[in-house]
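In the text below, chain A, chain B and the rest are named by the order of the sequence lines, each starting its count at 1.
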Amino acid sequence: MELDVFHLFLWEPLALEGTPFAINRVVILMFVAAFLTLAFFLIGAAKASSKPKGIGLLAETGYLFVRNNIAIDVIGPEGARFAPYLATIFFFIFFSNLLEIIPGISFPVTSRMALPAVLAIATWIVYNFVGIKNHGLSYFKDTLFPPGVPWPIYIILTPIELFSVFIIRPLTLAIRLFANMLAGHVLVVVFILFTESLIFSGIGTPLGILTFLVTMLLLIFEFMVIVIQAYIFTTLSAFYIAEALEGHGDHEGSEAGGSAHHDHANPNPQHVTELSAA
Amino acid sequence: MINLAQEAATGLTDEGLIAIGKGLVYGLAAIGAAIGIGNVFSNAIQAMARQPETAGTTRTTMFLGFALIEALALIGFVLTFIL
């Protein structure tokens, strides 16, 4: 039992063995994903024009989607400042995940804990930095002791808030991406192995064709999971940044801020449709 | 000695119990998350059907709730590998 799991999780180092910079297949694929992200936007930027075509159009639409539908919708008008960070995260995760369904590679880099963990830590640093920059030390005070609560509640509330905001958030952010991609990867690999052994063993070739069709359907399903996971990671990052910006439980501010938020939220869909129409 | 006697009597081994535990961990973790995700999506569909003009906001919130709940089931999935 242990051995199976071990083989599933470990790749032999290919170069620089024994140093902390050992390179195995995962590291190479990670660079491939980073290169794809870089190339996508560099080519997109080079082809920028008033009538973008091909990759230029794709890059522009993708960036506008993250900017309008994630950054501005979740954070509010000042969210446009965070759009570059969110777009980088979105497309890097998207291309890392996309390697899962590319034949011949079939390996999502995000199904190793290291990559989601680093991305989650980056988001953790960003939202705490934003909170401290905008509210100073009262960021911690408002987070740990939300105002407007009778004081005995703090005995329960403060440990929960401390645990959930500073530990659980980055942890679940990383585990969600990691476990989704790992589950998808294992599922696809199991069905590919089924297909292989059924078709080439000579017994049950019809069954092998059936599992082959199921594998194809699974790849389509996995493409959906890939996009949704990139979207969820980015949306949650934006959500955490928005909470740090607003201040956790600014009591008087929250009513005014809440109604102001609604006023801002209303023009947004029009803004989006304007942009997409143009 | 007691372990051996138990094994002989019931056929239960540590490995077998661990395998049962793994199955139970993921199965039980999935129950709550399944109910929660079902609630999230059914209510989001209702909200979108009643007020199609706010569908964008509803969809964002729906995915947020879905992701937060899903994390619990996935922690169960990861635990099966750790066990």
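For A/L236, the parts lying near chain B are the backbone and the side chain together; criterion is any non-hydrogen pair under 4.5 Å. Of the two parts of A/Y231, only the side chain, counted from C-beta on, holds a non-hydrogen atom closer than 4.5 Å to a non-hydrogen atom of chain B. Contacts between A/L173 and chain B at a heavy-atom distance below 4.5 Å are absent for every atom of the residue.
Proximity to chain B at a heavy-atom threshold of 4.5 Å picks out nothing from residues 114-129 of chain A. The interface of residues 61-69 of chain B with chain A, defined by heavy-atom distances below 4.5 Å, comprises B/F63, B/L64, B/F66, B/A67, B/L68.
Within 6.0 Å of OH in A/Y85 there are more than 12 heavy atoms belonging to other residues, nucleotides or ligands. Summarising the local packing, CZ of B/F41 is surrounded by more than 12 heavy atoms from other residues, nucleotides or ligands at distances under 6.0 Å.
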B/F77/A/L182 under side chain to side chain contact (heavy atoms under 4.5 Å, CB included): CA gap, chis, key distance, verdict: CA-CA 10 Å; B/F77 173 75; A/L182 182 68; 4.2 Å; yes
When you look at B/T60 and A/V74, which way does the side chain to side chain contact (heavy atoms under 4.5 Å, CB included) test go after all the steps? CA-CA 8 Å; B/T60 312; A/V74 175; 3.8 Å; yes
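Between A/F178 and B/V78 there is a side-chain heavy-atom pair separated by less than 4.5 Å.
Every side chain to side chain donor-acceptor pair (under 3.5 Å) that B/E70 has, sequence neighbours left out, goes to A/N180. In terms of the ring pair (Phe, Tyr, Trp, His ring centres under 6.0 Å) criterion, A/Y63 has no residue partners (sequence neighbours excluded).
From B/L74, atom CG reaches atom CD1 of A/I175 across 8.5 Å, with rounding to the nearest 0.5 Å.
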